[in-house]
Enquirer: 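Pasting a structure here, questions to come.
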Amino acid sequence: MFCEKAIEIIRELHRMGDGQLPAFNEDGIRQVLEEMKALYEQNQSDVNEAKSEGKSELIPTIKFRHCCLLRNQRCVTAYLYDRLLRIRALRWEYGSVLPTNIRFHMCAEELEWFNQYKKSLATFMRSLGGEEGLDITQDMKPPKSLYIEVRCLKDHGEFEIDDGTIILLKKNSQHFLPRWKCEQLIRQGVLEHIMS
Amino acid sequence: MFITDIRKEFYDFVVNQRVALLVSSDIDALCACKILQALFHCDQVQYTLVPVTGWQDLGTAFLEHKEQFRYFVLINCGANVDLLETLQPEEDSIFFICDTHRPVDVVNVYNDTQVKLMIKQDDDLGVPSYDDIFRDEEEEGGDDSGNESDGGSEPSGKRRRYDEVCYAAAMVIFELAWVLTKDTKDMLWWAIIGLTDQWVHDKITHMKYVTDIATLQRHVSRHNHRNEDEDNSLSIDCMRISFEYDLRLALYQHWSLFESICNSSYTSCNFKLWSMHGQKKLQEFLADMGLPLKQVKQKFNSMDMSVKENLREVIEESSNKYGMKDIRIQTFGVHFGFKNRFLASDVVHAAAALLESTEKDESPGDNFIKALDCLSRSNLERLHGGIDLAKKKLMAIQQTVASCICTNLILSQGPFLYCYLLEGTPDVKLFSKPMALTLLCKYLLKAFVRSTRNKRCKLLPLIIAAPMDVEKRTVIVLGIPPESETSDKKNFFGRAFEKAAESTSSRTLHDHFDTSIIELKMEDRTKFLDALITLLS
C-alpha cells in the first residue's frame, strides 16, 4: 500500500521519545522519495493520456495518486521538522559541542542547520546585556542560590573553578560550589545536586 | 591553642575562604557537620567535605587537599595526637579542631599558629603552664610529650593530663550558630542528636548529660516561644521539638513494646533476660502493669489508646518495684506531620546502624553519605531504613550477650576481663565495627556484673576482641573501663595497648581516633594479651 514507508519512518521517530535523536533514516527517506517519484511519473503519463485521449476514467486514479503524493510530502516534512526541533533542543541541552555519538545520527544537512542555528543563537546572545553579551542557555530555571551543594558520584580527578583554584573530585566527597560551574558535571552524571 | 571567641577566631576567619571539612565517622561528628554545612550555605562559604575513618584516611585526605586548601576543619578527630607531627603540613596550613576525644595532646594546645582547638573550657581547670610541662621533660628526660600516663598511675604533680569537660561537637557548633543568630530548629535538633549520641555510646557521665540537656532545653524553649503568642498555631507540618521525660527503651515507638524491653540494655540487664528466671520476671512485670501480652507484642502504634495513655507513668511505677529506678530519662523528641515522631535516641540508633552497615558493596564512604542523609528531614525513607537496621543490630547484640553470659565466654585474666568472639558467632560481622562493638562491650560488662557472684570481678575493666577481616586475619580489640556509678568514663587502654604492642612487636594498627580501639593480627593475639596482663597487673 502506498505511504506505508512514510508512516514507518514517522513511527520510528515517535518511538524514540524524550527528545532523543535516532539515526537519520536515509534509506527510509530515499524509499519514500522514490515512491513519490514513481507516483508522480505515473500521474504525469496518466494526465497526458487523459487529456489527449479524453479518458476520464483515469481521473479518480490520478486524484488518488495525488493524495498519496501529498501524504508522503506531509510525512516527510513532519519527519524532518521534528528532527530539527530535537536538534535545536540539543543545543540547549548539551551546549555548542555535541557528543560524537549524537553527531553520527545527524545527516550532513542537519549538521549544517545546527551550525547555522548555533551562529544565530550566539549572535543573539552577544547582542544582549551590553558588551559581554548574556549566556541565556545557563540557568534554565531561576536559580535559588549562587552556590549549590553537590556530591561526587565517581572519581573525576581535578576540576578547576573560575578563580583558578582546583577541587579534587573524589567519590563520596561533597562540595559547595558555584552553580554555573557544576551544571555541566551534573548533566554528565559526575556530580549530584543535594537539596536538603 | 584554645579558641575563646569562636566567632572571631574561627568563623570570621573562614567565612571568606574555601575550607576543607574532614569529618570523623561518628554521629556527633555528622551532626556537627550538618550544622556547619548549614551555616556555610547561609554565608556561601565554599567547602569540600571529606569523610575520614581513621588516621590513615586523615593523612591521605590531607595530602590530597593540601595544595588547594589552607584552612582545614577537623570534626571529632585530630586533638588527641600531635597533629603537626603526624601530618607535616606547610607553614600556612591552619587546622580548626572540634574534637571530643580526650585527653588533648599538649603539643596541640601550645601551638599558637597552626592548631586551633574549638573546645570549651571550664574555668576551674587551669591549663598547665608551658614551662611546667616542657621543662619537666628536660629534667626527667621523659620520652613522651607529657600528655598521658599509663594504666591507673597518678599523674605527676606538675605534668597533668589535659582532659577537660567534653561537650559534644554538635553542641559546640550549635553554639556558634546561636552566637551568629543563625540557629534554626533543624540545627538545634542536630545538636540534640549529637548530645544523645554521646549518651547512647556512653561517652559522658550522667551528670554531664543532664547538665547539657538543661542547656539545650533553654534553646528549645526559646525556639518554641517564638510562636506561642500568635492566635494561629503552626501548621502540623512544621517541625516541633519537645522536651520528653521518656522511657529508656530503645526504639520503642517504632517497634513493639515487648521487643524493645527485651533488646534494651537497661531492662535486659535488670531482669537478666538471658535466663529463664529473667524471662519469668518480665512476664510478672507486664502482668503487674496490667498490660496484656497481645497488646505488648504488637507494633507500638497499633496498641490500644487506653493502654498507651499513661504508659510512661505506669511503667515507671512498676519499674520502681522491680529495682529499675531510672527507667525514664530526660531527652527530646521531634514531631513534624501527623505520622512523624522521633526521639533523639531513635535517630542516633538509626544513623549509627546506617554508618556501620555491613551490607555488601558498600564502602565506608557510601555509608557515611547514607547516615548523613538520614539526618535531614526530607529523607524519611532513609531514616526508617536505618531504624530497621538498628533493630537487627540491637537484637544481634542482645543474642550475643545472652550467649556469652550463658556459655561463660567472659574470663577473668587478672587485671581485666576478656571476651573473644569466635569467627562462627552469628552476626559477628556487625561487631567488626567500632561503635557496634563498643555497644556490645558495654552491654556485656553490665550483664556480666549483674550475673557474676565474684565481687572482685565486678570492678574489672573489660577487653573484647572480635574478628575484623577474615582474609587479612585481623581482629579488632577494644577496652572499656570498669562499670561503676561514679565512673568518669576515662579510658586508659590507648596507652596500654601501645605499650603492649611495642613490647611484644605485635603487628597492630592504631588507626582509630579513639585510641582504645585497635586492630591486631590474629596470630599475635596471645602474646599481646599476655603483655597486657603483665602491664596492668
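Predicted model, so just to flag it, every value in this text is computed and none were measured. First the proteins, then the strands, lettered A, B, ... as listed; each starts at 1.
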Enquirer: Write down the atom of His41(B), the atom of Phe176(A), and the distance for their closest heavy-atom approach.
Expert: CD2-CE1, 3.2 Å
Enquirer: Roughly how far, to the nearest 0.5 Å, is the CZ atom of Arg18(B) from the CG atom of Leu177(A)?
Expert: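 Here the rounded value is 7.5 Å.
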Enquirer: Do you know which two heavy atoms are closest between Asn172(A) and Ser363(B), and how far apart they sit?
Expert: ND2-OG, 3.7 Å
Enquirer: Measuring from Asp366(B):CG to Lys171(A):NZ, what's the distance to the nearest 0.5 Å?
Expert: 4.5 Å
Enquirer: Counting heavy-atom pairs under 4.5 Å with chain A, which one of Asp186(B), Leu21(B), Asp373(B), Leu372(B) comes out on top?
Expert: Asp373(B)
Enquirer: Tell me, do Pro178(A) and Gln46(B) make a side-chain contact under 4.5 Å, heavy atoms counted?
Expert: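 Pro178(A) reaches Gln46(B) side chain to side chain.
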Enquirer: For Gln116(A), is the CD atom crowded, meaning more than 12 foreign heavy atoms sit under 6.0 Å from it?
Expert: yes
Enquirer: Kindly check if the number of other-residue, nucleotide or ligand heavy atoms within 6.0 Å of CH2 (Trp180(A)) is above 12?
Expert: yes
Enquirer: For atom NE2 of His193(A), decide whether the heavy atoms of other residues, nucleotides or ligands shown that lie under 6.0 angstrom number more than 12.
Expert: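 Yes, enclosed.
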Enquirer: Check the surroundings of atom CZ in Arg179(A): do more than 12 heavy atoms from other residues, nucleotides or ligands lie under 6.0 Å from it?
Expert: yes
Enquirer: Check this for me: Lys118(A), atom NZ, are more than 12 non-hydrogen atoms of other residues, nucleotides or ligands nearer than 6.0 Å?
Expert: yes
Enquirer: For atom OH of Tyr117(A), decide whether the heavy atoms of other residues, nucleotides or ligands shown that lie under 6.0 angstrom number more than 12.
Expert: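 Buried by this count: over 12 neighbours within 6.0 Å.
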Enquirer: Relative to chain A, which segment of Glu67(B) carries a heavy atom at a distance below 4.5 Å: side chain, backbone, both, or neither?
Expert: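 For Glu67(B), no heavy atom lies under 4.5 Å from chain A.
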Enquirer: Side chain from CB out, backbone as N, CA, C, O: work out which of these in Phe40(B) comes under 4.5 Å of a heavy atom of chain A, or both, or neither.
Expert: backbone
Enquirer: In Å, rounded to the nearest 0.5 Å, how long is the span from CD1 of Ile369(B) to SG of Cys152(A)?
Expert: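 So the gap between those two atoms works out to 10.0 Å.
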Enquirer: Could you tell me which portion of Val19(B) (side chain, backbone, both or neither) has an atom closer than 4.5 angstrom to a non-hydrogen atom of chain A?
Expert: neither
Enquirer: Under 6.0 Å from the OH atom of Tyr94(A), do we count more than 12 heavy atoms belonging to anything else shown?
Expert: no
Enquirer: May I ask you to check whether over 12 heavy atoms, not counting those of Arg71(A), lie within 6.0 Å of atom CZ?
Expert: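 Counting other residues, nucleotides and ligands, CZ of Arg71(A) stays at 12 neighbours or fewer.
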Enquirer: Quick one: which of Thr165(A), Ile167(A), Ile166(A) gives a side chain to side chain contact (heavy atoms under 4.5 Å, CB included) with Gln68(B)?
Expert: Ile166(A)
Enquirer: Hey, could you give me the OG/CD distance between Ser173(A) and Glu64(B), rounded to the nearest 0.5 Å?
Expert: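 These two atoms lie 9.0 Å from each other.
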Enquirer: Please state whether the side chain, the backbone, both or neither of Ile161(A) comes within less than 4.5 Å of a heavy atom of chain B.
Expert: side chain
